[in-house]
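Just below is one structure, and these are the notes that go with it.
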Amino acid sequence: MSFTGKVKEELSGVISGAQHCRVAEIAAIVSMCGNIIITETDRYIIKVYTENISVARKFCSLVKKSFKISPEVSVRNSGRSGKSRTYTVVIKKHEDSKKILLATKLMDHYGNIEENMSITDNIVIMKNCCKRAFIRGAFLSTGSMTDPNKSYHFEIVCNCEEKADQIVKILKIFNVDAKIVARKGYFVVYIKEGERIVDVLNVMEAHVSLMEFENIRILKDMSNYYNRQVNCETANIKKTVTTAVRQIEAIKYIEDTTGIDYLPDNLREIAIVRMENPDTPLKDLGELLSTPIGKSGVNHRLRKICEIAEELKGHN
């Protein structure tokens, strides 16, 4: 099962004990993946479409617990292989549909289908617990997450910019920063930061998935830290070896062209010590001299030797 599937499976089992929270979640599901049909005789029918059985099951549970209504569920195989399935949850009775639409404020008292996109005067999401339920319903409907072992990406697909903006503003109340991008005629609310995704999982009350995500994130951070340490040490070793090779080549060139005695006493001594100890760090080389010097002093003398070798090459 994908990580998205795991999260939705967990969320399908989160049934609020408060009627107002259940109504908020129903409102989100109908709004995000539902269709309200008005027949020629002005009768209302609600249809919810989903490819995830957990979502269909959750919507049925919410409706039954909140309104004592049992929706009808149909399944259709789709896709070229016929392995994909689309679940359609239908509330056929006019009075049942009307009761739900009025409670979720997706219909006004005049029978007009409309939705309040505000988060300040929308009674359905007035309380913070209802805002959590609304985000939970929105993610169940059209949300997805990338496997955190691969990358961090959370998104909810909306069919209009106003809905995307509403979701972003609700998340902002919980100090979760999300962004919106237009994609193929839809508006996608997305989060790419691991820490923020942890926060939104907490908002939706997906606590088991949150712990799994955090464990993966901690292991990845540790792995990245140690990889950086190893890469840094490898780079330092490579730099040290390259520098030592260049120093020894310079000393050999001087020795072959003018003789080692061409160098002043202090440079000749460090040259001999370096040739005898090609793998020794600069700090340790300084302690092998007749008059010990520090790392910077050794580095200065060896750099001077390299400069002398370059000058000799220029004259030859």
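Quick caveat, the model's predicted, so the values are computed rather than measured.
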Pairing of Arg85 and Glu51 as salt bridge, 4.0 angstrom limit
no
Within the structure provided, determine whether Val7 and Met145 are in side-chain contact (heavy-atom separation under 4.5 Å).
yes
Can you see which heavy atom on Cys60 is nearest to which on Val89, and at what distance?
SG-CG1, 3.7 Å
Within a strict 4.5 Å, meaning less than it, do heavy atoms of the Leu171 and Arg196 side chains meet?
no
Taking every heavy atom of Asp279 against every heavy atom of Arg274, the minimum-distance pair comes out as N-NH1, 4.3 Å
Can you check whether Gln19's main-chain N or O pairs, donor with acceptor, with Lys65's side chain at less than 3.5 Å?
no
With a 3.5 Å cut-off and no angle check, do the side chains of Asn299 and Ser296 form a donor-acceptor pair?
no
Check whether any side-chain heavy atom of Lys58 sits under 4.5 Å from a side-chain heavy atom of Ile15, and report yes or no.
yes
More than 12 non-hydrogen atoms from neighbouring residues, nucleotides or ligands closer than 6.0 Å to CG on Leu219, yes or no?
yes
Does a donor on one side chain sit under 3.5 Å from an acceptor on the other, for Ser54 and Asn52?
yes
If I take atom CD1 from residue Ile251 and atom CD1 from residue Ile305, how far apart are they, to the nearest 0.5 angstrom?
5.0 Å
Side chains of Tyr44 and Ile113: does their closest heavy-atom pair fall under 4.5 Å?
yes
To the nearest 0.5 Å, tell me how far Arg57 CZ sits from Tyr87 OH.
8.5 Å
Over 12 non-hydrogen atoms of neighbours within 6.0 angstrom of CD in Glu307
yes
Test side chain to side chain donor-acceptor pair (under 3.5 Å) on Thr86 and Arg76 and set out the steps.
CA-CA 5 Å; Thr86 299; Arg76 185 184 68 184; 4.5 Å; no
Close side-chain approach of Met275 to Val273, heavy-atom, < 4.5 Å
no
Look at the side-chain heavy atoms of Ile, Leu, Val, Met, Phe, Trp and Tyr, link any pair under 4.5 Å apart, and say whether Phe213 and Val203 land in one connected group.
yes
Heavy-atom side-chain proximity of Val90 to Ile45 below 4.5 angstrom:
yes
Side chains of Arg217 and Tyr152: does their closest heavy-atom pair fall under 4.5 Å?
yes
Heavy-atom closest pair, residues Cys130 and Ile125
CB-CA, 4.0 Å
Less than 4.5 Å apart, any side-chain heavy atom of Thr257 and any of Tyr262?
no
Search all heavy atoms of Cys129 against all heavy atoms of Cys21 and return the closest pair with its distance.
SG-SG, 3.4 Å
Examine Leu106 and Ile119 and state if one hydrophobic cluster contains both, with Ile, Leu, Val, Met, Phe, Trp and Tyr joined whenever side-chain heavy atoms are less than 4.5 Å apart.
no
With no hydrogens and no angle check, is any side-chain donor or acceptor of Thr146 less than 3.5 Å from a backbone partner on Pro148?
no
Any donor-acceptor N or O pair under 3.5 Å, side chains Lys169, Gln166
no
State whether a side-chain donor-acceptor pair under 3.5 Å links Glu25 with Ser16.
no
Can Leu312 be reached from Leu263 by stepping across I, L, V, M, F, W or Y side chains whose heavy atoms are under 4.5 Å apart?
yes
When rounded to the nearest 0.5 angstrom, what distance separates CD1 in Ile270 from CG in Leu282?
8.0 Å
What heavy-atom pair brings Arg301 and Leu289 nearest, and what distance separates the two atoms?
NH1-CD1, 4.0 Å
If a pair satisfies side chain to side chain donor-acceptor pair (under 3.5 Å) and one of its residues is in residues 90-106, list it, with sequence neighbours excluded.
Glu72-Lys92
From SG (Cys160) to OH (Tyr186), nearest 0.5 Å:
11.5 Å
Side chains of Ser2 and Thr4: any donor to acceptor distance under 3.5 Å?
no
Any donor-acceptor N or O pair under 3.5 Å, side chains His153, Glu155
yes
If you look only at distance, which donor and acceptor atoms sit under 3.5 Å apart when one is on a side chain in residues 174-182 and the other is two or more places apart or in another chain?
| residue | atom | partner | partner atom | Å |
| --- | --- | --- | --- | --- |
| Asp177 | OD1 | Lys172 | NZ | 2.7 |

Give, for atom CZ of Phe3 and atom CD1 of Ile216, the distance between the pair rounded to the nearest 0.5 Å.
5.5 Å
For the atom pair CE (Met211) and CG (Asn215), what is the distance rounded to the nearest 0.5 Å?
5.5 Å
What salt bridge (charged side-chain N to carboxylate O under 4.0 Å, His left out) pairs are there with at least one residue in residues 241-270, not counting sequence neighbours?
Asp261-Arg268, Asp265-Arg268
How close do Phe139 and Lys8 get, heavy atom to heavy atom, and via which atoms?
O-CE, 3.3 Å
Among Met126, Lys131, Arg132, whose side-chain contact (heavy atoms from CB on, under 4.5 Å) with Asn128 holds?
Lys131
Within the distance-only criterion (no hydrogens, no angle test), does the side chain of Ser31 pair as donor or acceptor with the backbone N or O of Ala28 below 3.5 angstrom?
no
Would Leu11 end up clustered with Val23 when hydrophobic side chains under 4.5 Å apart are linked, directly or stepwise?
no
Donor-acceptor check, side chain of Thr39 to backbone of Arg43, threshold 3.5 angstrom: yes or no?
yes
